[in-house]
Amino acid sequence: MGTTEGQDPGVYDVLVVGGGAAGLSGALMLGRSRRSVLVVDAGEPRNAPAAGVHGFLTRDGMEPSALLEAGRAEVLGYGVEVLEGRVTYAASTDDGFVATLEGGRRVGARRLLVTTGLVDELPDIPGVRERWGRDVLHCPYCHGWEVRDRPIGILASGPMAVHQALLFRQLTADLKLFLHTASPPTDEEAEQLAALGIAVVEGEVTSLEVSEDRLTGVRLRSGEVVPRGALVVSPRLAARAGILTDLGLETTELPHGLGVHVESDATGLTAVPGVWVAGNVTNPTAQVLASASAGAMAGAVINADLVAEDTREAVADHRARLSSAAGTRRS
Ligand SMILES: Cc1cc2nc3c(=O)[nH]c(=O)nc-3n(C[C@H](O)[C@H](O)[C@H](O)COP(=O)(O)OP(=O)(O)OC[C@H]3O[C@@H](n4cnc5c(N)ncnc54)[C@H](O)[C@@H]3O)c2cc1C
């Protein structure tokens, strides 16, 4: 069912905030269900700095922008509208939601699917931001293969540094854990690192050495430069939750101080009826395939929720018509 006749043309069945893998997959399910859908996307997907999307079966290595372009073409084919822009505010109304876009346009919707992703808060070390997604990395599954056998450093910038070191040891034998500002490993961790031949380097990392647009080393406060071809960091994962907090939702701390996210059930439904989330805003460790899958699930469940509402209304109308017809026959 599209926008109901007589309804404000600005009211969609579903407003999807964010057009990454999660949002576009949700829009695909909804468009195929003949829902009127607007996707508003600010165009800053999390993996934009990376050269390719890895670990996505049948799309391995595809450029992130090409994947989203293909996704947009698919949803447009089902009548979904896609708008470049940013939703700056959202509120509940008596019969749904109203969102304000940058520039002032207001959009009404019966349901919201928020897939705004997250911000990787990087360690404040000169060079890290510039190299992020290229030879400063976080995820062995996203780009570990691409740096295999290189001298790799792990920066102990988060609570999972030793875990990351163990994972990256699968990809290279030349691995060093830079303690930076972290406490030394526990006895158990030190034993694991030693058993796998992972050297522990003490001292704060103050900058990265780069030559001909490639990372060549890590500089310590002592002035020593340790040659490295890639550096693994643990950003703090901060859900982009502004729209959701407008609606009364709160962010929740992730285990081990990894960051914050917005809680939802297995279908993406939040604590606010009518508001679903999918992808990194709720599951910060979801890769592209898992984010797309969660978006598709949320899209299908939103459609079912709208079907239930449409059916309730149709039954009420039907009963009213029958009762009015019976009244006319009696009189
Ligand atoms: C450097 C790097 C490399 C990665 N490589 C891989 C990889 O190889 N394989 C893999 O599977 N995963 C990879 N990932 C993880 C991948 O980026 C995420 O799994 C994926 O982006 C999550 O999809 P999403 O739709 O939840 O969020 P995103 O892709 O981040 O999309 C969210 C969208 O919402 C938009 N948005 C935010 N706020 C608003 C708003 N208020 N109004 C409108 N739009 C808004 C954003 O601009 C963005 O376009 C990588 C991550 C990083 C950091």
Side-chain angles (χ1 to χ4, degrees), residues 15-28 38-65 67-69 71-72 82-90 99-103 105 107 112-122 128-147 230-247 259 261-262 264 268 276-296 298-299:
L15 171 64
V16 180
V17 186
L24 289 174
S25 291
L28 184 61
L38 175 67
V39 178
V40 180
D41 182 44
E44 294 161 357
R46 185 179 171 210
N47 57 347
V53 176
H54 291 286
F56 191 136
L57 192 66
T58 75
R59 298 292 177 271
D60 188 59
M62 192 172 187
E63 269 183 43
S65 59
L67 184 76
L68 295 181
E69 204 179 302
R72 281 192 293 272
V82 181
L83 195 68
E84 269 177 47
R86 188 178 300 276
V87 175
T88 55
Y89 180 72
T100 308
L101 278 52
E102 222 166 44
R105 178 177 165 188
V107 172
L112 288 184
L113 173 55
V114 179
T115 60
T116 42
L118 63 78
V119 175
D120 290 283
E121 293 178 353
L122 296 168
V128 162
R129 181 162 302 284
E130 293 77 2
R131 309 298 311 167
W132 174 236
R134 300 196 285 157
D135 36 28
V136 172
L137 318 163
H138 72 303
C139 162
Y141 307 106
C142 300
H143 18 221
W145 173 266
E146 283 62 43
V147 297
L231 183 69
V232 177
V233 302
S234 323
R236 184 172 175 278
L237 310 174
R240 283 202 196 99
I243 303 302
L244 295 162
T245 52
D246 291 346
L247 291 159
H261 74 140
V262 175
S264 65
W276 272 259
V277 287
N280 280 173
V281 70
T282 181
N283 180 1
T285 59
Q287 289 192 278
V288 175
L289 192 54
S291 301
S293 161

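Order of listing sets the numbers, starting from 1, for every ligand and every atom in it.
Of the listed options Leu289, Leu122, Leu68, Thr115, Thr115 places a heavy atom closest to atom 32 (C) of ligand 1. Atom 50 (C) of ligand 1 has its nearest heavy-atom neighbour, among Asp120, Asn47, Val39, Val87, in Asn47. For atom 19 (O) of ligand 1, the nearest non-hydrogen atom from the set Gly117, Ala290, Ala286, Gly279 comes from Ala286. Residue Cys142 holds the heavy atom nearest to atom 6 (C) of ligand 1 of all those in Gly133, Cys142, Pro45. Across the listed options Glu146, Glu44, His138, His138 owns the non-hydrogen atom lying nearest to atom 2 (C) of ligand 1. Across the listed options Arg134, His143, Gln287, Arg240, His143 owns the non-hydrogen atom lying nearest to atom 3 (C) of ligand 1. Looking at His54, Arg46, Met62, it is His54 that brings a heavy atom closest to atom 7 (C) of ligand 1.
If you look at Phe56 next to ligand 1, there are no close heavy atoms at all, none under 4.0 Å.
From the protein, the heavy atom lying nearest to atom 39 (C) of ligand 1 is Thr116 CG2, 3.5 Å. Taking atom 34 (O) of ligand 1 as the reference point, the nearest protein heavy-atom neighbour is Gly18 CA, 3.2 Å. Atom 18 (C) of ligand 1 has as its closest protein heavy atom Asn280 OD1, 3.3 Å. What sits closest to atom 11 (O) of ligand 1 on the protein, heavy atoms only, is Val288 N, 2.8 Å. In terms of protein heavy atoms, atom 44 (N) of ligand 1 is closest to Ala42 N, 3.0 Å. Nearest non-hydrogen protein atom to atom 25 (O) of ligand 1 is Ala22 N, 3.0 Å. Ranking the protein heavy atoms by distance from atom 31 (O) of ligand 1 puts Gly20 CA, 3.6 Å first. Scanning the protein for heavy atoms near atom 35 (C) of ligand 1, the closest one is Asp41 OD1, 3.3 Å.
No donor-acceptor distance shorter than 3.5 angstrom exists from the side chain of Asp135 to the backbone of Ala230, with no hydrogens or angles considered. Looking only at distances, a side-chain donor or acceptor of Thr115 sits under 3.5 Å from a matching main-chain atom of Val17. Ser293 places no side-chain N or O within donor-acceptor distance of the main-chain N or O of Leu289, the cut-off being under 3.5 Å. Distance alone, capped at 3.5 Å, is enough to place a donor-acceptor pair between the Asp41 side chain and the Gly43 backbone. Side-chain N or O atoms of Asp60 include one that pairs as donor or acceptor with a backbone N or O of Gly55 at under 3.5 Å. Under the 3.5 Å distance criterion, the side-chain polar atoms of Thr245 are matched with a main-chain donor or acceptor of Gly242. Remark: side-chain polar atoms of Arg240 are paired, donor with acceptor, to backbone N or O of Thr116 under 3.5 angstrom. Remark: side-chain polar atoms of Asp246 are paired, donor with acceptor, to backbone N or O of Ala90 under 3.5 angstrom.
Here the straight-line distance linking atom NE2 of His261 with atom CG of Leu244 works out to 12.0 Å at 0.5 Å rounding. Between Leu101 atom CG and Tyr89 atom OH the span is 14.0 Å, to the nearest 0.5 Å.
With ligand atoms numbered from 1 in the order given, ligand 1 contributes 40 (C), 42 (N), 43 (C) to contacts under 4.0 Å with heavy atoms of Val17. Near Gly52, meaning under 4.0 Å from one of its heavy atoms, ligand 1 places the atoms 8 (O). Near Arg86, with a cut-off below 4.0 Å to any heavy atom, the atoms of ligand 1 are 40 (C), 41 (N), 42 (N), 43 (C). For ligand 1 and Val53, the ligand atoms under 4.0 Å from any heavy atom of the residue are 8 (O), 9 (N). In the vicinity of Ser291, heavy-atom distances shorter than 4.0 Å reach the ligand 1 atoms 19 (O), 22 (C), 23 (O).
Of the N and O atoms on the side chains of Thr100 and Thr88, not one donor lies less than 3.5 Å from an acceptor on the other residue. Side-chain N/O atoms of Asn283 and Thr285 include a donor and acceptor closer than 3.5 Å.
Ligand 1 has Trp132 within reach: a non-hydrogen atom of the residue lies less than 4.0 Å from it. Distances from ligand 1 to the non-hydrogen atoms of Gly43 include at least one value under 4.0 Å. Heavy-atom separations between Ala21 and ligand 1 include at least one value shorter than 4.0 Å. For the pair Gly85 and ligand 1, a heavy-atom separation below 4.0 Å is found.
A salt bridge links Arg86 with Glu44: the closest approach of a Lys/Arg side-chain nitrogen to an acidic carboxylate oxygen falls below 4.0 angstrom.
For the pair Ala296 and Ser25, the tightest heavy-atom approach, listed with the atom from each and the gap, is N-CB, 3.8 Å. The minimum heavy-atom distance between Ala241 and Val262, with the atom names listed, is CB-CG2, 3.7 Å.
Residue Val281 places no N or O, backbone or side chain, under 3.5 Å from any N or O of ligand 1. The N/O atoms of Leu118, backbone and side chain alike, include none that comes under 3.5 Å of an N/O atom in ligand 1.
Ring planes of His138 and Trp132: tilted class, angle from 30 to 60°.
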